[in-house]
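What follows is one structure encoded as structure tokens, with my remarks underneath.
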Number of protein chains: 2
Amino acid sequence: MKLSAKVEYGVRAMAILAFYYQSGPLPLREIAEQESISLKFLEQIFPNFRRSGLIISVRGSRGGYLLSRPPAEIKVGDIVRAVDGPITPVNCLSDNGSDPCCHRREGCLTRQVWEKLRDKINDVLDDVSLDELIDLKPTHIT
Amino acid sequence: MKLSAKVEYGVRAMAILAFYYQSGPLPLREIAEQESISLKFLEQIFPNFRRSGLIISVRGSRGGYLLSRPPAEIKVGDIVRAVDGPITPVNCLSDNGSDPCCHRREGCLTRQVWEKLRDKINDVLDDVSLDELIDLKPTHIT
DNA sequence: TGAATTCCGACCAAACAACTCGGGTATCCA
DNA sequence: TGGATACCCGAGTTGTTTGGTCGGAATTCA
């Protein structure tokens, strides 16, 4: 029951991107340095974000990445699914209908547990947005 | 974000055991046949249940396994943790304090997400007990 | 042009998953 | 007592995933 290191790094990287929102494109090298993550590893993660429409890439010199929408509108769940794909706690919840998990007597009863689990995981992750991960909001002001 | 096949098989096997609760020891071979699971693979899973105190083993001829307490008192979460160990969505939530995930600026903010996720997963799994997986309860009777 | 940057695909080693196999050892029934 | 039954244990195996690295091509700005 683990998320991948890619997801962990990806969330941290996106938090940085949220912190510098509206400051122009931020190159991966900067993120890599700030978070002590291998640049090459980040290069492998970010195309997923771009393909999912979470970020916009600017190529060439002085290029980099920026969020495609405000940090409040990007949820941790978006990031997780962009990197790891849809969340499926057990294989028989995948979309390929070839799994025989429901051909047994109590198959569909256990399936309900896994479905509930999957939904709750998505709920938790979709309840937190990027702006909550950075420290911008005036939480201490009355 | 996947549970292992061991957990999947383990829950199914425990459901069978719940179904035959109070019918004397049930040999692994029977469970293996009913669920089309390799006997040798089951033999590898069940010691975890015994060590966690979920089942009692009866050795010798006409031996087998039986639940150590009523199905209503065994949660799916117990089964999952017995097989896969404690649920830790990311490595920095493990008990070894050597992980540097909190030495960074926003480290502890993302950590809160993972902690919340871990707690919710446990909540869901601990909310379902074995008797809900089998079809004994008179749900259709007014 | 040249430096900075994204982008792309191949490659690689280590770990893990999902089993299998072979043999113990304890226990019971006849 | 002697099988037969069943649990117990650890090593081996095969394939996939993970967590990266490496080299280079395309693009853009100064």
Side-chain angles (χ1 to χ4, degrees), chain A residues 1-13 17 20 24-33 35-52 54-68 80 83-85 88-92 94 96 99-101, chain B residues 1-13 17 24-33 35-52 54-66 68 80 83-85 88-92 94 99 101:
Chain A
M1 212 52 192
K2 280 237 187 345
L3 292 165
S4 64
K6 283 185 183 177
V7 162
E8 212 178 326
Y9 292 160
V11 170
R12 296 221 309 261
L17 225 49
Y20 292 108
L26 191 65
L28 272 194
R29 183 181 39 78
E30 297 249 3
I31 301 176
E33 283 170 7
E35 288 292 321
S36 311
I37 301 172
S38 149
L39 172 63
K40 281 298 186 178
F41 199 34
L42 274 185
E43 279 184 358
Q44 178 174 325
I45 297 171
F46 267 64
N48 296 303
F49 295 149
R50 190 179 45 89
R51 279 189 284 265
S52 299
L54 301 179
I55 58 176
I56 294 169
S57 64
V58 180
R59 307 181 64 158
S61 182
R62 303 194 58 107
Y65 292 99
L66 24 85
L67 297 185
S68 65
V80 173
V83 176
D84 270 2
T88 54
V90 298
N91 285 330
C92 77
S94 301
N96 55 4
D99 200 282
C101 80
Chain B
M1 213 51 191
K2 279 234 185 351
L3 293 165
S4 63
K6 284 186 183 177
V7 162
E8 212 176 327
Y9 292 161
V11 170
R12 295 220 310 262
L17 226 47
L26 192 66
L28 270 195
R29 183 181 40 76
E30 296 251 3
I31 302 176
E33 281 169 8
E35 288 291 321
S36 312
I37 301 173
S38 149
L39 173 63
K40 280 297 187 180
F41 198 32
L42 273 186
E43 279 185 358
Q44 179 174 327
I45 297 171
F46 267 61
N48 296 302
F49 295 149
R50 191 180 45 88
R51 278 189 285 266
S52 299
L54 300 179
I55 58 175
I56 294 169
S57 64
V58 179
R59 309 181 67 153
S61 184
R62 304 194 58 107
Y65 290 100
L66 25 86
S68 66
V80 173
V83 176
D84 269 2
T88 55
V90 298
N91 285 330
C92 78
S94 301
D99 200 282
C101 80

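Just so it is clear: chains get the letters A, B, ... in the order the sequence lines come, proteins before strands, and each one is counted from 1.
Residue A:Glu33 holds its CD atom at 6.5 Å from CD of A:Glu30, rounded to the nearest 0.5 Å. Between the CG atom of B:Asp84 and the CG atom of B:Leu3 there is a distance of 6.5 Å, given to the nearest 0.5 Å. A:Leu26 CG to A:Leu66 CG: the interatomic distance, rounded to the nearest 0.5 Å, is 8.5 Å.
A sub-4.0 Å separation between OP1 or OP2 of C:dA17 and a side-chain N or O of B:Tyr9 is absent.
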Residues B:Met1, A:Met1; criterion side-chain contact (heavy atoms from CB on, under 4.5 Å); working and verdict:
CA-CA 5 Å; B:Met1 213 51 191; A:Met1 212 52 192; 4.1 Å; yes
What's the verdict on side-chain contact (heavy atoms from CB on, under 4.5 Å) for A:Ile31 and A:Ile37, showing C-alpha distance, side-chain angles and the deciding distance?
CA-CA 8 Å; A:Ile31 301 176; A:Ile37 301 172; 5.7 Å; no
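Annotation for A:Glu8 and B:Asn91: closest pair OE1-N, 4.2 Å, computed over non-hydrogen atoms. Nearest heavy-atom pair, B:Tyr65 versus B:Ile55, reported as atom, atom and distance to 0.1 Å: CD2-CD1, 3.5 Å. For the residue pair B:Pro25 and B:Gly64, the shortest heavy atom distance occurs at CB-N, 3.7 Å.
Remark: C1' of C:dA17 and CD of B:Glu8 are 13 Å apart, rounded to the nearest angstrom. Put simply, OH on A:Tyr65 is 18 Å from P on C:dA4, counting in whole angstrom units. Protein atom CE of A:Met1 is 18 Å distant from nucleotide atom P of C:dC16, rounded to whole Å. Atom P of nucleotide C:dC19 and atom CD1 of B:Ile45 are separated by 9 Å, given to the nearest angstrom. For A:Leu42 and C:dT5, the CG to C1' distance is 14 Å, given to the nearest whole Å. Between A:Arg50 atom CZ and C:dT6 atom C1' there is a gap of 9 Å when expressed in whole angstrom units. Atom CG of B:Leu39 and atom P of C:dA18 are 18 Å apart (whole Å). Atom CZ of A:Arg29 is separated from atom P of C:dA3 by 15 Å (rounded to the nearest Å).
A:Arg62 comes within 4.0 angstrom of the backbone, heavy atoms only, and of no base. At the heavy-atom level, B:Pro47 lies nowhere under 4.0 Å from the strands shown. Within the 4.0 angstrom heavy-atom criterion, no nucleotide atom of any strand lies near A:Phe46.
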Once each nucleotide of nucleotides 9-15 of chain C is scored for protein heavy atoms under 4.0 Å, what B/S/- sequence comes out, 5' to 3'?
-------
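Mapping heavy-atom proximity under 4.0 Å, the span of DNA chain D touched by chain A runs 5' to 3' from D:dG19 to D:dA30.
Among the nucleotides C:dC19, C:dC29, C:dC7, the one closest to any side-chain atom of A:Ser57 is C:dC7.
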Under 3.5 Å, sequence neighbours excluded: what are the donor-acceptor pairs made by side chains of residues 44-52 of chain B?
{"unit_1": "B:Asn48", "atom_1": "ND2", "unit_2": "B:Ile45", "atom_2": "O", "d": "3.1"}
{"unit_1": "B:Ser52", "atom_1": "OG", "unit_2": "B:Asn48", "atom_2": "O", "d": "3.0"}

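DNA chain D is contacted by both B:Arg59 and A:Leu3; B:Arg59 maps to the nucleotide lying nearer its 5′ end (nearest heavy atom per residue).
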